[in-house]
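I have placed the structure first, in the form of structure tokens, so that the comments after it can refer back to it.
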Amino acid sequence: MAELPGPPQANVLLPAGYDPHRRYPLLVLLNALANNFDSYRADGIVAMLEAAHLDAIVAMPEGGNGWYADWRNGGHPGGPKWETYELDTVLPTILARFPILPERRFHAIAGFSMGGLGAAYLGGRLPGFFGSVASLSGFVDPQYFSPIAGSLMGLISGAGPREDGLFPVYGAPYGFYAAGHNPSKLAMNLAHTRVFESTGTGVPSAAGIANATAGDPNATGADLYGSALEALIIDEMSQAFHKALVAAGVDTVYEVHPGGHDLPDFDQELTAMLRWGLFKPVPAHPMSWTNDTVATSGRLWDLSFRFARPPTAVVRFQRSGAMLSISTAGTPVTVTTPGGCAIRAATPATVRVPRGSCRD
């Protein structure tokens with residue numbers, strides 16, 4: 001894995017009365033842009049979770065300003081590899097160190113802003129694991145108005161403003177790699193997942209105004225940057241994401257409230273998410289599903305896949321019973337079944353998935 005910018009770290013919140021011999025639900029809570037693994041503690045979110053008596057293990061891994069993606073770097077992959085880090089390092093470490101209930105209904109992923117993007121995207125990358133996804137004021141359509149949104153990403157991520165918008169995270173703003181990381185274009189990946197979405201309108205909330213005017217008798221309103229960001233970008237992205245989820249038949253709840261891109265409004269969204277409930281029943285083993293990806297390898301439900309080289313297009317895996325179809329990837333693929341059968345094929349392909357042994 002390419003070197004990450006700084007040592008990876010995480011905070012883990014254990015429930016009151018934690019018993020290492022008992023298994024618990026898991027919430028992975030991803031940080032927002034210009035934040036880190038410790039921000040939720042410093043901002044009071046951890047205290048809110050403690051007060052809510054969630055009775056779950058909450059893991060808050062370092063996400064840096066990495067957009068939860070393996071960076072494309074103008075068509076030259078090499079890092080940083082935040083997506084790989086979260087899925088192949090953070091998650092296995094959590095499962096190895098803490099007693100987590102095995103059913104997907106007890107696994108949730110959530111985040112604010114950039115963390116909302118990460119939750120919606122990574123939840124779809126590992127659909128057989130995460131049963132619930134929550135995007136709170138999430139950056140859930142990174143191709144929306146790409147020149148402005150991408151330049152914002154570049155400025156805050158330290159890459160600087162770019163004419164090509166989403167460079168260097170995704171490469172060309174409207175290229176296949178950007179589309180393959182855009183939750184609003186990957187809604188089918190969440191077809192068997194519960195999704196909670198929330199966003200502010202940009203109109204200052206009472207809590208936001210109170211926060212902005214605290215200690216400043218001359219202040220007259222909430223943070224203008226947070227309100228403008230929510231109104232002009234986040235709210236529009238959230239609407240696009242919600243429409244895509246509804247079209248895909250996803251079990252989703254969408255809450256819109258007054259407020260900007262500010263901590264008091266995030267607190268309100270966290271409360272709404274907890275009220276929605278993170279660990280309710282979901283389908284355990286659907287035999288018909290669709291998943292679009294640009295990943296070189298991964299796990300989709302009970303199947304693992306690995307391409308010989310990075311795909312050159314968004315690849316669709318579509319399962320219907322025993323049959324699995326794979327669209328053009330520009331490279332061969334190997335699909336491995338739970339019984340250990342390795343099915344190798346050029347793409348596009350339609351293959352039969354054996355039920356148990358390779359002879360079935």
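All values below come from the heavy atoms of this structure, side chains included, with hydrogens, waters and symmetry mates left out.
When only modelled atom types and interatomic distance are considered, Arg299 and Ser304 share a side-chain donor-acceptor pair under 3.5 Å. For the residue pair Gln239 / Tyr254, no side-chain donor-acceptor distance below 3.5 Å is found, with atom types taken as modelled. A side-chain donor from one of Ser198 and Glu269 sits under 3.5 Å from a side-chain acceptor of the other. If you check the side chains of Ser132 and Arg194, you find a donor sitting under 3.5 Å from an acceptor. Using modelled atom types, one finds no donor on one side chain facing an acceptor on the other under 3.5 Å when comparing Asn31 with Ser39. Tyr170 and His181 share no side-chain donor-acceptor pair at under 3.5 Å. Side chain to side chain, Asn36 and Glu62 fail the donor-acceptor criterion of an N or O pair below 3.5 Å.
When atom types are taken as modelled, the side chain of Asp70 and the backbone of Thr84 share a donor-acceptor pair closer than 3.5 angstrom. Side-chain atoms of Thr347 come within 3.5 Å of backbone atoms of Thr331 as a donor-acceptor pair (strictly under, hydrogens ignored). A donor-acceptor pair under 3.5 Å links the side-chain atoms of Asn35 to the main chain of Leu33, judged by distance alone. Side-chain N or O atoms of Ser137 include none that pairs as donor or acceptor with a backbone N or O of Ile234 at under 3.5 Å. A side-chain donor-acceptor contact under 3.5 Å links Arg23 to the backbone of Ile100. A donor-acceptor distance shorter than 3.5 angstrom exists from the side chain of Ser327 to the backbone of Arg316, with no hydrogens or angles considered.
Cluster membership check: Val28 shares its hydrophobic cluster with Leu14, using side-chain heavy-atom separations under 4.5 Å among Ile, Leu, Val, Met, Phe, Trp and Tyr. Linking ILVMFWY residues whenever their side-chain heavy atoms come closer than 4.5 Å, directly or via other members, leaves Phe37 and Leu95 in distinct clusters. Each of Met188 and Leu186 belongs to its own hydrophobic cluster when Ile, Leu, Val, Met, Phe, Trp and Tyr are linked at side-chain heavy-atom distances under 4.5 angstrom.
Between Leu136 and Phe266 the shortest side-chain heavy-atom distance does not fall below 4.5 Å. Here the side chains of Val351 and Val335 are not in contact, with every heavy-atom distance at 4.5 Å or above. Contact annotation: the side chain of His192 never approaches that of Val282 to less than 4.5 Å [non-hydrogen atoms, C-beta and beyond]. With a 4.5 Å cut-off on side-chain heavy atoms, Leu26 and Phe129 count as touching. Between Thr252 and His242, the closest side-chain pair of non-hydrogen atoms falls below 4.5 Å. Considering only heavy atoms from C-beta on, Val169 stays 4.5 Å or farther from Arg72 through its side chain. Counting heavy atoms from C-beta on, the side chains of Thr89 and Pro61 never come closer than 4.5 Å. Here the side chains of Ile57 and Val12 are in contact, with some heavy-atom distance below 4.5 Å.
Ion pairing of Arg319 with Asp302 is present here, as a side-chain N (NZ or NE/NH1/NH2) and a carboxylate O approach within less than 4.0 Å.
Counting heavy atoms of neighbouring residues, nucleotides and ligands inside a 6.0 Å radius, atom CZ of Arg105 exceeds 12 of them.
The minimum heavy-atom distance linking Ala34 with Asn65 is given by the pair N-OD1, 2.7 Å. The two residues Ala120 and Leu190 have their closest heavy-atom pair at O-CD1, 4.1 Å. A pairwise comparison of heavy atoms in Pro338 and Leu303 identifies CD-CD2, 4.1 Å as the closest pair. The shortest non-hydrogen separation linking Ser238 to Thr199 is OG-CB, 3.5 Å. The two residues Pro354 and Thr337 come nearest to each other via the heavy atoms CD-CG2, 4.1 Å. Across every non-hydrogen atom of Pro142 and Asn182, the tightest pair is CD-OD1, 3.4 Å.
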Check: side-chain contact (heavy atoms from CB on, under 4.5 Å) between Ile343 and Thr334: does it pass, once the steps are laid out?
Finding: CA-CA 5 Å; Ile343 305 169; Thr334 299; over 6 Å; no
Intermediate values then yes/no, salt bridge (charged side-chain N to carboxylate O under 4.0 Å, His left out), Asp141 and Lys243: CA-CA 12 Å; Asp141 189 349; Lys243 290 177 182 177; over 6 Å; no
| task | Output, in order, the C-alpha distance, side-chain angles, deciding distance and verdict of side chain to side chain donor-acceptor pair (under 3.5 Å) for Ser113 and His261. | result | CA-CA 8 Å; Ser113 193; His261 213 65; 2.7 Å; yes
>> Walk me through whether His107 and Phe130 qualify under ring-ring contact (aromatic ring centres under 6.0 Å, His included).
In response: CA-CA 5 Å; His107 308 150; Phe130 290 112; 7.1 Å; no
- Stepwise side-chain contact (heavy atoms from CB on, under 4.5 Å) test for Asn11 and Tyr40: CA-CA 9 Å; Asn11 274 342; Tyr40 287 129; over 6 Å; no
- Item | Test log, rule side-chain contact (heavy atoms from CB on, under 4.5 Å), inputs Thr328 and Val315 | CA-CA 6 Å; Thr328 300; Val315 183; over 6 Å; no
Verdict with reasoning, Arg22 to Asp55, per salt bridge (charged side-chain N to carboxylate O under 4.0 Å, His left out)
CA-CA 11 Å; Arg22 173 194 161 195; Asp55 198 31; 2.7 Å; yes
Q.
Quick one, Val253 with Glu255, criterion side-chain contact (heavy atoms from CB on, under 4.5 Å). Give me CA distance, side-chain angles, the key distance, then yes/no.
A. CA-CA 7 Å; Val253 169; Glu255 295 194 3; 4.2 Å; yes
Full working for ring-ring contact (aromatic ring centres under 6.0 Å, His included) between Tyr18 and Tyr24: CA-CA 9 Å; Tyr18 172 73; Tyr24 292 89; 5.5 Å; yes
For this session: Please test Phe317 against Trp289 for ring-ring contact (aromatic ring centres under 6.0 Å, His included), starting from the C-alpha separation and ending with a verdict.
Result: CA-CA 8 Å; Phe317 288 81; Trp289 48 260; 7.2 Å; no
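Distance check, rounded to the nearest 0.5 Å: CD1 of Ile109 to OG1 of Thr193 gives 11.0 Å. Rounding to the nearest 0.5 Å places OG1 of Thr293 at 7.0 Å from CG of Leu300. To the nearest 0.5 Å, atoms CZ (Phe139) and CE (Met237) are separated by 3.5 Å. Note: Gln9 CD to Met60 CE = 13.0 Å, rounded to the nearest 0.5 Å. Distance check, rounded to the nearest 0.5 Å: CG of Leu29 to CG of Leu13 gives 10.0 Å. Here the NZ atom belonging to Lys81 is positioned 13.0 Å from the CG atom belonging to Leu87, to the nearest 0.5 angstrom.
Seen from the ring of Trp301, Arg104 does not count as a face-on cation partner, given the 6.0 Å and 45° thresholds.
Applying the side chain to side chain contact (heavy atoms under 4.5 Å, CB included) criterion to Ser325, with sequence neighbours excluded, gives Gln318, Thr350.
Aromatic rings of Tyr68 and Trp82 (six-membered ring for Trp) have centroids beyond the 6.0 Å cut-off, not under it.
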